[in-house]
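To start, the structure itself, in structure tokens.
Given the structure is predicted, the values throughout are model-derived calculations rather than measurements.
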Amino acid sequence: MKITDLLSKKAIKLGASPKDKNEAIDILVSLHEAAENISDKETYKKGILAREASGSTAVGEGIAIPHAKNAAVVKASLSAMTVPDGVDYEALDGKPSNLFFMIAAPEKGGDVHLEMLSRLTVMLMDAEFRNKLLSASDADEFLKIIDEKEIEKYGKEEESVEAKGEKFIVAVTACPTGIAHTFMAAEALEQAGEKLGIKVKVETNGSGGAKNVITAAEIAEADGVIIAADKNVDMPRFSGKKVLITKVSDGIHKPEELINTVLTGDVPVYKADEAAVKAASSSGEKEGIGRQIYKHLMNGVSNMLPFVVGGGILIALAFLIDTIAGNAEAGDSFGTVNGVAAWFKGIGNYAFNFMLPVLAGFIAKSIADRPGMMIGFAGGYIASVGATFNFHDTDSWVSAGFLGALLAGFIGGYLTLGLEKLADKVLPKSLDGIKPVLVYPLIGLLLVAIVMCAIDPVVGIINSGLNTFLDSIGTGSKIFLGCVLGGMMSIDMGGPFNKAAYTFATVGLAAQTDASFEIMAAVMVGGMVPPIACAIGTTFFKSKYTEGERKSTVVNYILGLCFISEGAIPFAAADPLRVIPSCIVGSAIAGGMSMGFGCMLRAPHGGLFVLPVIDNALGYLAALIVGSVVAGVMMSLLKRKKTA
């Protein structure tokens, strides 16, 4: 971040003569407006005045740095003004202020205003530097003096792409689990940019949080933005930029097309105050309702998974410890007989208790941003306990389970949006500050509670019926179900079908029944098959694969054993008609065999590393080997020999 990247000539006024503090603020705000840094002059000015009300931003020595983090700010920026005669800005040292920098920071732009404030304060402590700025004859000289001081103080930074005249694109990639698709799309976009001679910086929103985060200065100089994501990402910071929103798979499969579309195509300009209205997708059309619902759901699932994985593995360890201790026949108390096992199971259950509220809370947050989260979270908990209007007989409550939490998330989110619109119409603007801390939480909680208490009994019956059905189906039906779920894991390897099967299995773990454990085992073994199948093909049928594919052999064995299906995506993308059907067949066989052998898995992730906690581990290994070999041999026999 360089000061000169955030300060344009249009936002500089030298030799001003405001008569008082208010007029000084008006001039600086008008400079921001002239430079198109803000969308609403009055809203931004209110933010500045609110900050000044808590204490003057005049720091003494003639320096004043008013600042505001505000919804009206389009991009992180500065305005500057010199006042030769000085003006009373209520400085602590009682002296007039003659050198002003006003910071404008986006409401959701992180702490960029603090970074700017820190750098400016340090530089302005140099009296010689201040005198040079006050003596500058024009805006160009003013900027040159700042640039020279920054280089002296912080070292020479790489020249911005805007200054070089190069094309520059920023992008964000995100998939629901944040494990593979996120990083594959990032790499594809960066490589495509290198090939096209265009600088591309990609922020990855993976399972470990946002990495390679795009700065406010980079957004300001970018020629466009690509959002390749299957879950919602932080969008308001891109207000005022051309933004292309598309699927994460498009980032993997057609990165060059996305880059060219952003640079030359008809891409809409994103406006933060229209965040609820999604921008055009890569086809140039607005997102459909189905696509929006999928993204909201995946946002909830991606935030729920850590609770499922962590809690599930601890519960699985509890069963393993009790098995080793000789308590496998303990009946309903299995997993809690041994003291250590009971501790693991208790902690795992605590994590599981958060699973449904977190799912609902983050679905609602995806729909209505922060105000929706509390309402969705509360609705999800109401669904998880199966609350009704009868609080005198809680023993009669039946959990609404995953379906109830799902409904709570969407109901909570859209209730919040409705509340916001209604509040904007009936409440005065003077109450804007209390809406998110009082109006939305209070009324939203009451409304979601009324709705959920009304529908919980119905959804609870459906949920109980589904669990009873799964527990009662015969061996033949279980094998068929295992084939279907296992095959779904290979249809799109991390896409909607894959996620649907995986979500069905993981949320079922909350029931902690034999049927739910069998389903989890079938789903995971089905997801392990595709990369292992590709590795088998490149190992034993080398002539059917390219040199690049053969180099990924070891990696795909590892990815498969770790339950990361996405390792097979490059093979599927290169030859979908042979690879995808082969993987579906192999995964279906593996899932069906796992069900047939009665394999049970209490952990929702981990691949081969959780083999010790799988019931009938040998049968599970057999299912994995047979399914992988069938898929690997099938796709290899269908392929033609490669000539290069």
Side-chain angles (χ1 to χ4, degrees), residues 3-106 112-114 116-147 149:
I3 299 299
T4 49
D5 288 334
L6 305 176
L7 179 60
S8 71
K9 288 191 287 186
K10 289 182 179 179
I12 299 171
K13 184 175 181 62
L14 305 180
S17 54
K19 64 178 184 294
D20 55 26
K21 181 176 180 177
N22 284 333
E23 189 173 330
I25 290 173
D26 284 337
I27 293 171
L28 289 162
V29 171
S30 295
L31 289 170
H32 272 301
E33 183 182 41
E36 299 181 349
N37 297 330
I38 56 177
S39 60
D40 187 324
K41 182 178 177 180
E42 292 306 314
T43 300
Y44 176 65
K45 183 180 175 181
K46 284 181 181 178
I48 291 290
L49 293 175
R51 172 61 186 85
E52 293 296 329
S54 65
S56 176
T57 53
V59 296
E61 301 296 334
I63 306 163
I65 313 177
H67 51 275
K69 191 175 183 182
N70 193 285
V73 177
V74 173
K75 58 186 178 183
S77 50
L78 292 164
S79 64
M81 174 176 69
T82 62
V83 183
D85 297 330
V87 63
D88 181 10
Y89 207 81
E90 301 172 4
L92 294 175
D93 60 5
K95 297 178 181 178
S97 300
N98 55 15
L99 186 57
F100 292 82
F101 286 89
M102 180 176 278
I103 300 173
V112 66
H113 64 301
L114 299 180
M116 286 189 275
L117 186 60
S118 173
R119 180 168 284 208
L120 276 170
T121 303
V122 170
M123 291 169 59
L124 290 168
M125 287 301 99
D126 186 330
E128 184 181 353
F129 173 58
R130 297 199 303 271
N131 289 332
K132 285 183 178 179
L133 290 175
L134 290 168
S135 302
S137 59
D138 55 33
D140 287 320
E141 184 181 354
F142 192 85
L143 289 169
K144 183 181 178 183
I145 293 168
I146 294 174
D147 191 45
K149 183 62 179 179

Note to self: Looking at every heavy atom in both Lys21 and Asp88, which two are closest together, and how far apart are they?
What the structure shows: CB-O, 3.7 Å

Notebook entry, point to check: What is the minimum heavy-atom distance between Ile48 and Ala68, and which atoms define it?
Noted result: CD1-CB, 3.6 Å

Item checked: Reported NZ-to-CG distance for the pair Lys45 and Asn70, which is rounded to 0.5 angstrom -> 13.5 Å

Next item on the list: Taking all non-hydrogen atoms of both residues into account, name the closest pair between Ser97 and Ala91 and its distance.
Entry: OG-CB, 4.4 Å

Note to self: If I take atom OG1 from residue Thr4 and atom CD1 from residue Ile146, how far apart are they, to the nearest 0.5 angstrom?
What the structure shows: 7.5 Å

Next item on the list: State, to 0.1 Å, how close Asn37 and Leu78 come at their nearest heavy-atom pair, and which atoms those are.
Entry: ND2-O, 4.0 Å

Which side-chain N or O atoms in residues 122-130 pair as donor and acceptor under 3.5 Å with protein atoms at least two apart or in another chain?
from, atom 1, to, atom 2, distance (Å)
Asp126, OD1, Glu128, N, 2.9
Asp126, OD1, Phe129, N, 3.3
Asp126, OD2, Lys149, NZ, 2.6
Arg130, NH1, Leu124, O, 2.7

Next item on the list: Give the minimum heavy-atom separation between Phe142 and Ala80, together with the two atoms involved.
Entry: CE2-CB, 3.8 Å

Got a list of side-chain donor-acceptor pairs under 3.5 Å for residues 6-19, not counting sequence neighbours?
from, atom 1, to, atom 2, distance (Å)
Lys9, NZ, Asp140, OD1, 3.3
Lys19, NZ, Glu23, OE1, 3.0

Note to self: With rounding to the nearest 0.5 angstrom, report the CG to CD distance, Leu28 to Glu33.
What the structure shows: 13.0 Å

Check: If we only count heavy atoms from C-beta on, is the Glu52 to Pro66 side-chain gap below 4.5 Å?
Finding: yes

Next item on the list: Over all heavy atoms of both residues, which pair between Ile65 and His67 is shortest? Give the atoms and the distance, please.
Entry: O-ND1, 2.9 Å

Notebook entry, point to check: So do the side chains of Phe100 and Ile27 get within less than 4.5 Å of each other, counting heavy atoms only?
Noted result: no

Margin query: Measuring from atom CZ of Arg51 to atom NZ of Lys69, what distance do you get when rounded to the nearest 0.5 angstrom?
Written below: 14.0 Å

Item checked: Flag side-chain contact, heavy atom, 4.5 Å: Ile25 against Tyr89 -> yes

Check: Could you give all pairs that pass the ring pair (Phe, Tyr, Trp, His ring centres under 6.0 Å) test and reach residues 17-45, with sequence neighbours left out?
Finding: His32-Tyr44

Item checked: Pairwise distance CZ(Phe101) to CD1(Ile63) - rounded to 0.5 angstrom -> 9.0 Å

